[in-house]
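What you see is a predicted model; the values in this text were computed from it and never measured. Note that ligands are numbered from 1 as they come in the structure, with each ligand's atoms numbered from 1 the same way.
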Amino acid sequence: MARRKLIAGNWKMNGLFGEGTTLAKTLADRLASAGPVGFDMLICPPATLVRTVAGLAAGSPLLVGGQDCHAKEKGAHTGDVSAEMLADAGAGHVIVGHSERRQDHRESDAVVRAKAEAAHRAGLVAIVCVGETREERDAGRAEEIVARQVGGSLPEGADGANTVIAYEPVWAIGTGLTATAADVAGMHAHIRRELEGKVASPGEMRILYGGSVKPSNAGELMAIGDVDGALVGGASLVADDFWAIAETCR
Ligand code: 13P
């Protein structure tokens, strides 16, 4: 089965009501008027905007997701948001295990796996992030680290319909540095091999690249065989840039 490309925007902790709704509306309108395109487009605003943005996206093909969820459905977890709450607000996807959460909140593979399970329980597609640090790459351990993250973070029952993997080398996030096309090709093929025996139909699971994806480098990255789309941070906050990245998949 051919894998349809997914262009996903992770707004991170950016987006007040005015600018967030303007950005979402611009993208929803462009997508609605573009006719059939060869990609899916997803935006993941902060939790405060999920319901509003989902309302704006209704009636257009624009998909909306959360950036994180708690593993539990509800309870005494001050400040956390459950996968069920995101689904209730109109999300269809949720990012789990982003390196900023793995670092800032010390999330282990086991925690990320529990969150991905929660996403599935709530009927959300889990976007499971993996990626090595600069030190790990310099030590020649990038493939080993990513294999461990893939093995430890994917829950039972993960498949191409309910799970997407995002390879985001930590050193490439927000730095303007990107992995070389050869490195990305090698790592995505490595991840695909790691999926063998772990998930049903590994050939159907989308593997996104993330880390300083911009209009200027997206064409080269999206042309790589095992790259099934992008997870975009900074450039997803500018409608023209995010759209230009998506256009490379048209
Ligand atoms: P940048 O595109 O800003 O490097 O961020 C990538 C990322 O972390 C997306 O989740």
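The protein non-hydrogen atom at the shortest distance from atom 3 (O) of ligand 1 is Gly234 N, 2.8 Å. Regarding atom 2 (O) of ligand 1, its nearest protein heavy-atom neighbour is Gly233 N, 2.9 Å.
Within the structure, side chain to side chain donor-acceptor pair (under 3.5 Å) contacts touching residues 146-155 (residues at least two apart or in different chains) are Arg102-Ser153, Asp109-Arg148, Asp109-Ser153.
With ligand atoms numbered from 1 in the order given, ligand 1 contributes 5 (O), 6 (C), 7 (C), 8 (O) to contacts under 4.0 Å with heavy atoms of Lys12. Close approach of ligand 1 to Gly174 is summarised as follows: ligand atoms under 4.0 Å from at least one heavy atom of the residue are 1 (P), 3 (O), 4 (O). Listed by atom number, the atoms of ligand 1 under 4.0 Å from Leu231 heavy atoms are 9 (C), 10 (O). In the vicinity of Asn10, heavy-atom distances shorter than 4.0 Å reach the ligand 1 atoms 9 (C), 10 (O).
In summary, the side chains of Trp171 and Glu132 do present a donor paired with an acceptor at a separation below 3.5 Å, with no hydrogens or angles considered. Side-chain polar atoms of Glu19 and Thr22 form no donor-acceptor pair below 3.5 angstrom.
Remark: the backbone N or O of Asp228 is not paired with any side-chain donor or acceptor of Arg206 at under 3.5 angstrom.
Of the N or O atoms in Gly211, none lie within a sub-3.5 Å distance of an N or O in ligand 1.
Counting only non-hydrogen atoms, the option in Glu168, Lys214, Gln67, Glu100 that gets closest to atom 7 (C) of ligand 1 is Glu168. When the heavy atoms of Gly176, Ala8, Ser212, Cys129 are ranked by distance to atom 1 (P) of ligand 1, first place goes to Ser212.
Contact annotation: Ala235 has no heavy atom less than 4.0 Å from any atom of ligand 1.
For Asn217, the side-chain hydrogen bond (donor to acceptor under 3.5 Å, both in side chains) criterion is met by no residue, not counting sequence neighbours.
Side-chain contact check for Arg4 versus Phe39: every heavy-atom pair is 4.5 Å or farther apart.
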Derivation of the side-chain hydrogen bond (donor to acceptor under 3.5 Å, both in side chains) call for Thr163 and His120 | CA-CA 8 Å; Thr163 305; His120 295 165; 3.0 Å; yes
